Amino acid sequence: MAERIIMPKAGMAMETGTIIAWLKDVGEAVAYGEPLLEIETDKTTMQVEAMSTGYLIKKLYDADDEVPVTTTIGYIGELGEEAPDENAPEQAIAPAPAVQADKSATILEPAQQNVVKDSLRATPAARRLAQMSGVNLDELNTGDILRARDVPAIKHDTASAISATPLAARGKTVALNGMRKTIARRMQQSHTEIPPVTLNSQADVTELAQMRTKINESGQHKISFNDFVIKACAMALLEFPNINATYAPEGIILHENVNIGIAVALDEGLLVPVLSNAQDYSLRVLAQKSKALATAARAGELLPDAYSGGTFTVSNLGMYGITSFSPIINLPEAAILGVCAINESLTMTQEGSIETRKYMGLSLTFDHRCIDGAGGAKFLQHVVKLLQNPLELLL
Amino acid sequence: MREITYAQAIKEAMSEEMRRDENVFLMGEDVGLYGGAFGVSLGMFEEFGPERVRDTPISEAVIAGAATGAAVTGMRPIAEIMFSDFCTIAMDQLVNQAAKMRYMFGGKAQVPMVLRMPEGSGTGAAAQHSQSLEAWFCHVPGLKVVTASTPADAKGLLTAAIRDNNPVVFFEQKLLYRVKGDVPEGEYVLPLGKSHVAREGSDITLVTYGRMLPLCLDVADAMAKEGISVEIIDPRTLYPIDMEPIIESVKKTSRALIVHEACLTGGLGGEIAARIAQSEAFYYLDAPIHRVCGLDVPVPYCPELEKNIVPTAPKITAAIYELMQ
């Protein structure tokens, strides 16, 4: 009896998932727990594992198809076994002989008429033209055979540009994995939709550094500079609800909770797990939670929910000596704080003497559709003030 | 240019080569006094005498074996098998001896022989005298396989075959023997291993050879009136086949049709289709590759059936419309 493969509901907010790639071909053996396909939610990418052992006997959806959660997307069964008719009762005891005999109808009939597309039938010439002109043949698919004449003509200059550009003359092409595609899509969307403004500032963290040293000497739990910044942001965002916001066509949504995304770099990409309700936690709890989140994200143990619901993001490149940068806003958030390196410099005190002080660079990028320059500046100023008066962070 | 028949063109090629090279001679059943079953060698016995136009016993094994032996020892025999169907008796000499020697002796032995074999249906000669067996020989490396589709090609290709140092199986088209065409006088040689664009066109590539060529040319003329431009390519040498002009043509037209009289299954059309599909031309195909070939049946004696088991103008036309859909 064939087992369904369904689009998992991997998070409370997940309504649909997009198939990025099947990792198995039809007819290939699969073992329980083996990765079957990669999917993308609106937040992250993840692998779907086989829930039974057998052979992948049918795929109902292909890469790039967006499928509602819990929809059957394929079947695992025995070699040569026919995938069941989706319209038949799920636990059909014995399929009627008539149904069995009419195999072609069983296979070709889309399970749910409006959802399953006919599989694409295109001539090599049509495929070649589509590739040259960047046309997605799936969008042209009407069920009939697609021929070269069905592919929209390429603009002449595009064609000559393609032929004039030697493809990867030297070097190699690295295939896009699911995470890379997600990053690319989301960054592209943010970059094209949002008019960003970046403000750079510095916080004198001399006292904060002293306090951190003391805390870390005595306490069991180490607290990083980034944790102090997250705490400062959590407090500042409560003061500045216009920053803890989302720009939407119907209006600017001011969020009640402060959910801070923490950018975590991986060798192959970037993840942003979300620390929800950051405003409720003490510095120590925040530090524990952010460490746990980063560790779990690196290990690939987080479900899509852990990447959902962020209202603000903190991205730290200080460890690389970066002095300022303009991070890209993580939609649908309205702002992101870039944390830069701490550098020492000589400063004249109010008394007129010269001292060595530590300064941390901070780069705030925000969505000018909902936050104006002065509004962003005031928020950044407040974060700086909190970091320069670190006792406030402990209150 | 004067017009002569396909049969006369073959006789002219043989005669000119025999005048040019004393090592060339003709042998076969009734090729001498009688002038050959189809009259191809009429008059040659009188010109060259019984030493150089030799009648053989009714044994195709002897014809192929003697020709192989003569070729290996320095002669350039032209051997005629009266009907290509009888090649089965000659097969061991041809396949296991003639085709292998040049290779097995590391090039020290040459086998410059031509085996002329009339083929094809349409003469009411029934199943044992009407086959088109060229694909068999294309499966034997060491042989060259040639067929001529016009009188001029017959002269030019046969001359080249006689001058070639490999055993060449030269298929003659029984139904074309009486067809007239312009044939150059004097020495005329067409290279082996070169395909020929018999008609230029832009919408569909039609690959054909032998007696199907004139039929396809007629169909192409009719198609032109319908606004469909058919390019026709005749491989001329079936093995080793020159695919490049075919592949280039398919890249231009994006449609391929192969027509041959020989039956479909295991026919040369499958090989040509596979080579197109495996080439750069694949990416240009805008329809599946089609074949219009003989039906997989022994050639019937009943004339109406005989006419209709081979590709006909309506069948070829239907395939072209299908491809142009």
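So you know, we letter chains A, B, ... as the sequences are listed, proteins then strands, and number each from 1. Only a predicted model underlies this, so the values are computations on that prediction, with no experimental measurement involved.
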Novice: Quick check on A:R147 against chain B: is it the side chain, the backbone, both or neither that has a heavy atom closer than 4.5 Å?
Specialist: both
Novice: Considering non-hydrogen atoms only, spot the tightest contact between B:D286 and A:A148 and give its length.
Specialist: OD1-N, 2.7 Å
Novice: Please check if the number of heavy atoms outside B:E200 that lie under 6.0 Å from its CD is greater than 12.
Specialist: no
Novice: Inspect the surroundings of CD in B:E280 and state if more than 12 heavy atoms from other residues, nucleotides or ligands are less than 6.0 Å away.
Specialist: yes
Novice: Does A:E28 CD have over 12 foreign heavy atoms under 6.0 Å away?
Specialist: yes
Novice: Looking at A:R128 and B:Y283, what are the two nearest heavy atoms and their distance?
Specialist: CD-O, 3.2 Å
Novice: Assess whether atom CD of B:E226 is packed by more than 12 heavy atoms of other residues, nucleotides or ligands within 6.0 Å.
Specialist: yes
